[in-house]
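Values below: every heavy atom of this structure, side chains too, minus hydrogens, waters and symmetry copies. Values in this document were obtained by computation on a predicted structure and should not be read as measured data.
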Amino acid sequence: MMDFITAPLVVWICVSGMYSLFELYARRKERMFLYERLGDRLGSEAFKGKIELPLFAGSSIPFFPSFSGLKFGCLLVGVGLGLIVGMILDVTMVLPLGNEWQFQKISGIAYGAPVLFFGGLGLIISFLVEKTHKKNVETK
């Protein structure tokens, strides 16, 4: 019944795994390169009396927390709501059809469209919450 999502899901998992693996190695090489360059240029005398730790309380840069949990949660709520709406559409509109080919085609659309719609709606809601929170922090 959920055959429409298996192929894109498998491709997405493989591509994201390979991307994260390459990114991990690229970041490691970049960090090692920067450490080597800074180590060659700067000795222990370069930092003598010049290291100061900034205090966040007196800083003019506002602190924004990470909203990745909110984004992921809103996305999952949207996908779950889309699956429920897709099931309701499937039961009420598609089951009375007698043709098996029509049933599979319309059933895939009845599940896919609400999942994508409500998943995107969840991400838009998380963006709006993040935007209003940042605006409230900046005005204080």
Side-chain angles (χ1 to χ4, degrees):
M1 184 179 302
M2 298 283 285
D3 293 335
F4 70 93
I5 201 160
T6 12
L9 188 63
V10 168
V11 169
W12 178 75
I13 289 172
C14 292
V15 168
S16 65
M18 292 297 289
Y19 175 77
S20 61
L21 185 68
F22 287 129
E23 185 182 23
L24 178 71
Y25 286 121
R27 282 186 181 180
R28 183 177 184 276
K29 284 184 181 180
E30 184 180 3
R31 281 194 307 263
M32 295 304 289
F33 178 72
L34 288 174
Y35 293 153
E36 288 174 3
R37 291 207 43 185
L38 285 175
D40 292 342
R41 288 186 178 182
L42 301 175
S44 61
E45 296 294 322
F47 293 113
K48 196 168 199 168
K50 295 182 181 178
I51 297 177
E52 295 179 8
L53 297 175
L55 299 175
F56 288 111
S59 177
S60 63
I61 301 171
F63 173 71
F64 296 125
S66 173
F67 286 96
S68 60
L70 176 68
K71 290 177 189 173
F72 191 66
C74 285
L75 178 65
L76 287 181
V77 167
V79 167
L81 188 62
L83 284 173
I84 290 172
V85 169
M87 184 194 66
I88 292 170
L89 285 174
D90 192 31
V91 169
T92 58
M93 297 173 65
V94 178
L95 279 181
L97 296 175
N99 191 356
E100 183 67 28
W101 180 80
Q102 270 187 330
F103 173 72
Q104 287 181 352
K105 186 176 179 181
I106 297 174
S107 180
I109 293 171
Y111 273 104
V115 167
L116 294 174
F117 177 75
F118 285 110
L121 190 65
L123 289 176
I124 290 172
I125 289 171
S126 70
F127 171 75
L128 293 175
V129 168
E130 181 179 352
K131 186 177 173 183
T132 56
H133 182 268
K134 283 184 180 180
K135 189 188 302 183
N136 290 341
V137 168
E138 288 177 354
T139 57
K140 287 184 180 180

Task: Any Leu128 side-chain heavy atom under 4.5 Å of Thr132 side chain - done: no
- [ ] Answer yes or no: is there a side-chain heavy-atom contact under 4.5 Å between Leu89 and Pro114?
- [x] yes
Task: From Leu24 atom CG to Tyr19 atom OH, the distance as rounded to the nearest 0.5 Å - done: 12.0 Å
Task: Rounded distance [0.5 Å steps], SG in Cys74 versus CZ in Phe118 - done: 14.0 Å
- [ ] Please round to the nearest 0.5 Å and tell me the distance separating atom NZ of Lys135 and atom CD of Glu130.
- [x] 13.5 Å
TODO: Consider only side-chain heavy atoms of I, L, V, M, F, W and Y, link residues closer than 4.5 Å, and tell whether Val85 and Val77 are in one cluster.
DONE: no
TODO: Identify the two heavy atoms, one from Leu83 and one from Tyr111, that lie closest to each other, and give their separation to 0.1 Å.
DONE: O-CE2, 3.9 Å
Task: CG on Leu75 to CG on Leu70, rounded to 0.5 Å - done: 11.0 Å
Open item on the list: When you group the ILVMFWY residues by side-chain heavy-atom contacts below 4.5 Å and let the links chain together, are Leu81 and Leu121 in the same group?
Closed with: yes
Open item on the list: Hydrophobic clusters here meaning ILVMFWY residues chained together by side-chain heavy-atom distances under 4.5 Å, can you tell me if Val79 and Met87 are in one?
Closed with: yes
TODO: Give, for atom NZ of Lys131 and atom CD1 of Ile124, the distance between the pair rounded to the nearest 0.5 Å.
DONE: 12.0 Å
Task: Distance (rounded to the nearest 0.5 Å) between Glu23 CD and Ser16 OG - done: 11.0 Å
Open item on the list: As a quick check of understanding, evaluate side chain to side chain contact (heavy atoms under 4.5 Å, CB included) for Lys71 and Phe127, giving each step before the final call.
Closed with: CA-CA 8 Å; Lys71 290 177 189 173; Phe127 171 75; over 6 Å; no
